[in-house]
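It should be emphasised that the depicted structure is a prediction, and the values quoted were computed from it without experimental measurement.
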Amino acid sequence: DESKPPRSIHRRRRPVRSVLRLATTVEEVGVSGSRRVADTGAHSLLLVPRCPPPDARESGRRRPRARHCGASHRQRAGPSPKRATMSAQAQAFKKEGNKLFQAGRHKEAIEKYTQAIAADGTDHTFYSNRSAAYAALEMWEEAAEDGRSCIRVKKDFIKGYFRLAVALRALKRYKDAVDNIKMGLAVDPGNADLKKQASEMEEIMRKEKVVALAAKAHELAQNSDFGEALKTIDRGLALDGGNKELTTLKARIEPKFQAAEKRRVQGLSRPERAKEDGDAKYKNADFEGAIAAYTACLDALPSKTTDLALKALGNRAACYKQLSNFDGTIEDCTAVLEVEPDNVKSLVRRAQAFEAVERYKSALQDVKFVLSMPPNTVGQANWSLCNTMQHRLNRVVQQLKTGNM
């Protein structure tokens, strides 16, 4: 139809996707990959196509854009022939080792597993199997090390944790074994074998602790330290209430302790007896009776700066605090701190009492002083308490300054 212009007139010319750059040679990269000369004078232009050559386009379909233009596409490399050969050799060594293990030839099995590891150290089963072979020979240190290597190579391989636990148990490193089992249970919480191992080792640890406490109690009794011996026995009975050795030892020691305690009390001064009476009443939660006893102790002392007086003052302050007599607590704690400025118990008690009577700045001052002291002197419990109090008191003091309270 001559009334219509040629189609090529209306057709939009596609831009040539190419990059021109100066080159020192007189070459132009052609569509087919061959090179053609195109002299430009002083320099030449090197035309580098950024898209596939036009003759590769298919009619009616758009060819997917190449990821890398102007260069050959890179193929994802698979395992090298050498690597594949080594892996096959390693598996062959493992297979031989398994046969030897099943035949009870554990030393030879270890040699084969070692050869497998030398050929391919990335397979966790080689370490696991060698650990089992070492365990069969009761070479527990080596078995434990291979258990660790197995876990290191594959952290979610539960048998690795089991291998290590068995070895550590044989080495009587029960706590390490239990810690390892907990790591395994974090991977597989429902694993019955690991749970059984943990339960058995915790029972072993309990029994061994009872045996150790019994031995310590015997030693203390031989040194006539009957009070400490009885305390040690009670700790053992808390773990094993029916332990015959401990109950027999306690029955033998108690009369001796009571006789020694009677002699000790008879040798005490009047203030010392009053103080001990207060301690007994405090333990029984008779705080009013304890206050009376501590007051009797202090009244019988010529000075309030002696060690006995400071102990009585500190204990009476604790009784006052239990009864919410915070003014009494502040007074007794202050008396102690005048002699011992670094007395942590008195500082903490006074800070709590100051806060209770809304003397927040004074409480904050005591708390900050405690936190400035060496941590090993303060103790973790007191440090945590004072740290919490400091944050709370800082907020209260700031609110008071801004008038929001």
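To the nearest 0.5 Å, the span separating CD1 on I204 from NZ on K209 amounts to 16.0 Å. Atom-to-atom distance recorded for C333:SG and D366:CG is 9.0 Å, nearest 0.5 angstrom. Rounded to the nearest 0.5 Å, atoms CZ (R316) and CG (D332) are 4.0 Å apart. Atom CG in L220 sits 10.5 Å away from atom CG in L213 (nearest 0.5 Å). For the atom pair H218 NE2 and R252 CZ, the distance stands at 6.5 Å (nearest 0.5 Å). In this structure, T114 OG1 and R130 CZ are separated by 4.0 Å, a value rounded to the nearest 0.5 Å.
Heavy atoms of other residues, nucleotides or ligands lying less than 6.0 angstrom from CZ of R270 number 12 at most. Surrounding CD of Q390 are more than 12 heavy atoms belonging to other residues, nucleotides or ligands, all under 6.0 Å away. Remark: E203 CD is packed, more than 12 non-hydrogen atoms of other residues, nucleotides or ligands lying under 6.0 Å away.
Listed for the Y127 side chain is a donor-acceptor partner under 3.5 Å among the backbone atoms of G121. In this structure, the side chain of T329 engages the main chain of K321 through a donor-acceptor pair within 3.5 Å. In this structure, the side chain of S384 does not engage the main chain of A381 through any donor-acceptor pair within 3.5 Å. Side chain of S128 to backbone of H124: no donor-acceptor contact under 3.5 angstrom is found. Under a 3.5 Å cut-off, the side chain of D188 and the backbone N or O of G184 do not form any donor-acceptor pair. The main-chain N or O of L239 is found under 3.5 Å from a side-chain atom of R206 such that the two form a donor-acceptor pair. N284 places no side-chain N or O within donor-acceptor distance of the main-chain N or O of D286, the cut-off being under 3.5 Å. Between the S199 side chain and the K196 main chain, no donor and acceptor come within less than 3.5 Å of each other. Using modelled atom types, no side-chain atom of D277 and backbone atom of R273 make a donor-acceptor pair closer than 3.5 Å.
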R349/S346 under side chain to side chain donor-acceptor pair (under 3.5 Å): CA gap, chis, key distance, verdict
CA-CA 5 Å; R349 286 191 188 120; S346 293; 5.1 Å; no
Output, in order, the C-alpha distance, side-chain angles, deciding distance and verdict of side chain to side chain donor-acceptor pair (under 3.5 Å) for D120 and Q91.
CA-CA 9 Å; D120 182 5; Q91 292 297 330; 5.5 Å; no
Check the pair Y161, K155 against side chain to side chain contact (heavy atoms under 4.5 Å, CB included), reporting the backbone distance first and the verdict last.
CA-CA 9 Å; Y161 296 95; K155 288 183 171 57; 4.2 Å; yes
Could you walk me through whether R105 and K112 pass side chain to side chain contact (heavy atoms under 4.5 Å, CB included), step by step?
CA-CA 11 Å; R105 297 161 63 183; K112 291 299 178 182; over 6 Å; no
Could you go step by step and tell me if V210 and K207 meet the side chain to side chain contact (heavy atoms under 4.5 Å, CB included) rule?
CA-CA 5 Å; V210 171; K207 289 181 178 179; 5.7 Å; no
Is there a side chain to side chain contact (heavy atoms under 4.5 Å, CB included) between R235 and T232 once you walk through the steps?
CA-CA 5 Å; R235 293 200 333 255; T232 304; 4.2 Å; yes
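The ring-ring contact (aromatic ring centres under 6.0 Å, His included) pairs that include a residue from residues 266-295 are Y282-F287, where partners are two or more places apart or lie in different chains.
Residues W140 and V166 are in side-chain contact: their nearest non-hydrogen atoms beyond the backbone lie under 4.5 Å apart. For the pair N325/D327, a side-chain contact is recorded, criterion being any heavy-atom separation below 4.5 Å from C-beta on. E355 is not listed as a side-chain neighbour of V396, based on a closest heavy-atom distance of 4.5 Å or more. Proximity of E142 to I110: side-chain heavy atoms (C-beta onward) are nowhere separated by under 4.5 Å. Put simply, the side chain of L385 reaches to within 4.5 Å of the side chain of V348, judged on heavy atoms. In this structure the side chain of N98 never reaches within 4.5 angstrom of the side chain of K95, judged on heavy atoms. No side-chain heavy atom of T334 sits under 4.5 Å from any side-chain heavy atom of E331. Counting heavy atoms from C-beta on, the side chains of Q266 and K262 come closer than 4.5 Å.
With salt bridges taken as basic N to acidic carboxylate O contacts below 4.0 Å, one links K250 and D234. Using a 4.0 Å cut-off between a side-chain N of Lys or Arg and a carboxylate O of Asp or Glu, K175 and D179 qualify as a salt bridge. Looking at D279 and K283, no side-chain N of the basic residue comes within less than 4.0 Å of a carboxylate O on the acidic one, giving no salt bridge. At a threshold of 4.0 Å, the pair E208-K172 does not count as salt-bridged, since none of the basic side-chain nitrogens sits closer than that to a carboxylate oxygen. Under 4.0 Å is where a charged nitrogen must lie from a carboxylate oxygen, and between E228 and K231 at least one such pair does. The pair K216-E219 does not meet the salt-bridge criterion, since no charged nitrogen lies less than 4.0 angstrom from a carboxylate oxygen. Using a 4.0 Å cut-off between charged nitrogen and carboxylate oxygen, R264 and E261 count as a salt-bridge pair.
What you find for A198 and I181 is that their closest heavy atoms are N-CD1, 3.6 Å. Closest of all the heavy-atom pairs between A353 and I330 is CB-CG1, 3.5 Å. Shown here for A221 and I253, the closest heavy-atom pair between the two residues is CB-CD1, 3.5 Å. Here the shortest heavy-atom pairing between S303 and T305 reads OG-OG1, 2.8 Å. Smallest separation of non-hydrogen atoms from G241 and T247: O-CG2, 4.3 Å. The shortest non-hydrogen separation linking A217 to A229 is O-CB, 3.8 Å.
The side chain to side chain contact (heavy atoms under 4.5 Å, CB included) with C150 is formed by just one residue from the set F126, F157, F162; it is F157.
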